[in-house]
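The block underneath contains the structure these notes are about, expressed in structure tokens.
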Amino acid sequence: MQGLDHTYLQQFSEAERDLSAAAEMAQSSRQDRLSLDISQAQGILELYRRRYSDAAAAFRTALTMARQQNRPSSELNALGNLGNAAMWEEHYDEAIDWFKLALEKSQSLREADTEARTLGNIGWNYLVVGDFESAEDILKKAEKASIKASLPGDQVKWLNALSDVYFQQHRYDIAGPTSEEALRLARKVADNRDITNCLNSASEIALVTGHADVAGKYNQEALGIEQAGLDQFGIASSTIIAGRIAGEKKQFPEAAAAFRKILADPSTETALRWEAQASLAGVRAAQGKTALAEHEFSGSISTISKAWEQIKKEEFRLSFLSSAIRFYDAYVNFLIAQERPIDALKIADRSRAQTLEHGLSSSTNGKSRGMAAFRPQEIARRLNATLLFYWLGQQRSYLWAITPAKVSLFPLPGSAEVGSTVKAYLGSFTDPRDPLEAGNQDGKKLYATLIQPAEKLIPKNSRVIVLPDGNLNSLNFETLIVPGPKPHYWIEDVTLLTGNSLALLDKTLSTAPPEGANLFLMGDALQASPDFPALPQAGKEVGLVENYFPQDKRTVFTRAQATPSRFLSGKPEEFSYVHFATHGTASTMRPLESAVILSPEGDSYKLYARDIVRHPLHAYLVTISACNGAGLRTYAGEGLVGLAWAFLHAGAHYVIAGLWEVSNASTPQLMDKLYKGLNSGQDPATALRNAKLTLLHSSGNYRRPFYWAPFQLYAGS
């Protein structure tokens, strides 16, 4: 107990002395129960000393002993501590796994205090990997559980972490009050470590919201606590904030010294290291030392990439860039300020579709990340298309228009302005009136903002590949309203498809539909649940699509045979075309839980995205004729993640999927026209456009974007 007290007081030499003496005494008297407790205590000491591998070894020993001695409470402690060791070693996905085991154990033992702490730790790890939605949900539960368990110190931690979630999402109106409440409680609890953490959060929020003097006041208090030796854990964060405040005041030597101090410490956490590198780069740029600035920016991006590679679970790879994308943004802005738009484009593309490309490379034993040489114009020439690459930054956004002849850069408004217009325009699609006929101003504004700057570079009736960013992933650019004497939707002027990254487009083959194509078709499923009743027009769609393939070239599963296991065992990898005519569901919290809804077999009726990515495909085209097939959740760099992303990951060359709920009435007609075009030799982009134009040019309700525009074509590799 003395050793633990010294540990918590951060008096490590004294702690080691006491724990070593205790271990000798327990061993000489063969006190196995005490040896277990001593292993736990030794692990805690190593955690505080940041010797994480040694800590994990001690906790694994304790876990084994606890199970051998049938001591469930000690087993719970060991599980939680193994989570702590993994967390501080920056193995966040492994930490979440340990903490989830600890959560189950704490709930079975009805250990309310441990349950509250474990929830908080899970939430904190979700925050670090950029899964802000999950982090917010779980941290709120952790705070309530801490209040119920009378753990005010833990309540401070989870409130402060919540303020960081809001900060990362730019929800400063909520982040500020949450941070101030956490600081008020921390002062009441009087734990120096929590006080400095809260002061650092409050400093950062004040700095970003333009209150540098307030940030300086908080920062000086935090540094004072740390310099007095009362806390050793927040020093790196406080030092970085001090450097940023000095940079705001143009005190560049002081700022640079602060960042160099962090980078010189080998124990600095990785996230703080890349922030220090990027911040030092900003100082060097402000000093006009561009070569040094670029060196630091490059180092920051490399550090982020290495941290991303350490993450094993795909769901955490997806969200990782959410908290790091701003450092790519800073590098992009720096290069554009240096009048190096091609280099800026290259860095922007490095952030795109990393998880998707990694998955494709893993399945083909190929190398990931990028082109042998960065030649975007060559991609445009080979694909016979104009490429529109968008980058939405908080302050500044950009459009690169890439043609075979040149690369042109155009400035755009910040992401908030663009995003609000996109949201408003998408909302108009469910109105009774056609947006074009109503003269919708949002549709016109988006065209003027996103397309008009590059309009002269895009020939009429040519092919355009859009590489969207942020909220633009939810927008079908075909629906933008072209102004003029005869306003019209942009689909009248171009053939459009969507790309994920230039690196993947570089590997995309521009080919016509394969000869002797065969079809794998699932649809017209039985009712799976009251939420997913049978679709009355699905049978009609199945009949229309299968008629374009000879009987010996099609495999069709309908009604009771249209089950998830039939897909997984039906060798879909041997087919050119894969088509689903059924319900679909998209998950916001867990995009890889998005699913195609098929006929029930026992309790199962969902073909999950997580199962699709594990089943390699070679299909020329996968069509998901279902609601929200493109997904609902957009990740920084990765775009929309859902069923379409999963099929691209599995190896599909092209995927057609819905951006919103699709109409059961109009979809069979659209799909009939699509396959008619494919059957005549048209490529998917041309066939899909012509099918949509058939609806657009009709006289009924189907002319509205709600009916023809949800389906979007995505290019794979």
Side-chain angles (χ1 to χ4, degrees), residues 422-444 446-447 460-461 474-497 523-524 532-548 579-584 623-630 656-680 682 684-713:
V422 169
K423 184 177 180 181
Y425 188 47
L426 291 176
S428 73
F429 290 172
T430 56
D431 291 346
R433 293 186 63 191
D434 185 315
L436 177 62
E437 295 169 2
N440 185 283
Q441 293 303 310
D442 294 313
K444 293 177 180 178
L446 287 170
Y447 181 86
K460 286 288 177 68
N461 295 313
S474 301
L475 177 68
N476 185 339
F477 280 64
E478 295 170 324
T479 66
L480 303 186
I481 298 175
V482 183
K486 293 184 178 180
H488 56 276
Y489 291 118
W490 198 36
I491 190 175
E492 301 272 16
D493 297 340
V494 295
T495 299
L496 196 72
L497 61 158
D524 194 20
F532 303 109
L535 291 169
Q537 296 294 316
K540 177 182 178 182
E541 181 178 331
V542 167
L544 290 169
V545 172
E546 69 178 352
N547 281 340
Y548 288 101
H579 188 103
F580 295 93
T582 182
H583 285 290
T623 301
I624 311 163
S625 182
C627 297
N628 300 307
I656 293 173
L659 288 167
W660 55 80
E661 291 186 9
V662 302
S663 166
N664 183 48
S666 61
T667 299
Q669 181 180 334
L670 182 72
M671 293 300 160
D672 182 37
K673 298 296 183 184
L674 167 70
Y675 279 90
K676 182 178 180 181
L678 292 168
N679 193 53
S680 68
Q682 295 174 1
T686 302
L688 182 60
R689 180 198 180 200
N690 289 339
K692 290 178 177 180
L693 288 173
T694 301
L695 296 187
L696 175 60
H697 294 157
S698 66
S699 57
N701 279 335
Y702 295 169
R703 70 186 187 281
R704 290 164 45 202
F706 175 80
Y707 293 97
W708 56 262
F711 291 107
Q712 186 142 289
L713 178 65

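Everything numeric here is computed off the predicted structure, so don't read it as measured data.
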Quick one: closest heavy-atom pair of [X] and [Y], and the distance?
X: A630; Y: L659; result: CB-CD2, 3.9 Å
X: V542; Y: A581; result: CG2-CB, 4.2 Å
X: V494; Y: R689; result: O-NE, 3.1 Å
X: F706; Y: W660; result: O-NE1, 3.3 Å
X: V662; Y: C627; result: N-SG, 3.4 Å

Side chain to side chain contact (heavy atoms under 4.5 Å, CB included) with [X]: which residues, sequence neighbours excluded?
X: T686; value: R463, T495, Q682, D683, N690
X: P705; value: F429, D434, P435, T479, Y489, W708, A709
X: A665; value: S663, Y702
X: L535; value: A538, H583, N664

Worksheet item: If only atom types and distance count, is the side chain of Y548 paired as donor or acceptor with the main-chain N or O of D672 below 3.5 Å?
Response: yes
Worksheet item: Which value, rounded to the nearest 0.5 Å, describes the distance between T623 atom OG1 and I656 atom CD1?
Response: 4.0 Å
Worksheet item: With distance as the sole criterion, is a donor-acceptor pair present between the side chains of H579 and E541 under 3.5 Å?
Response: yes
Worksheet item: Any side-chain heavy atom of L544 sitting closer than 4.5 Å to one from Y675?
Response: no
Worksheet item: Under 4.5 Å between any side-chain heavy atoms of E492 and H697, yes or no?
Response: yes
Worksheet item: Sequence neighbours excluded, which residues qualify as salt bridge (charged side-chain N to carboxylate O under 4.0 Å, His left out) partners of E478?
Response: K692
Sequence neighbours excluded and cut-off under 3.5 Å, please list the side-chain donor-acceptor pairs for residues 480-488, or say none.
from	atom 1	to	atom 2	distance (Å)
H488	ND1	K486	O	2.9
H488	NE2	D493	OD1	3.1
H488	NE2	D493	OD2	2.9

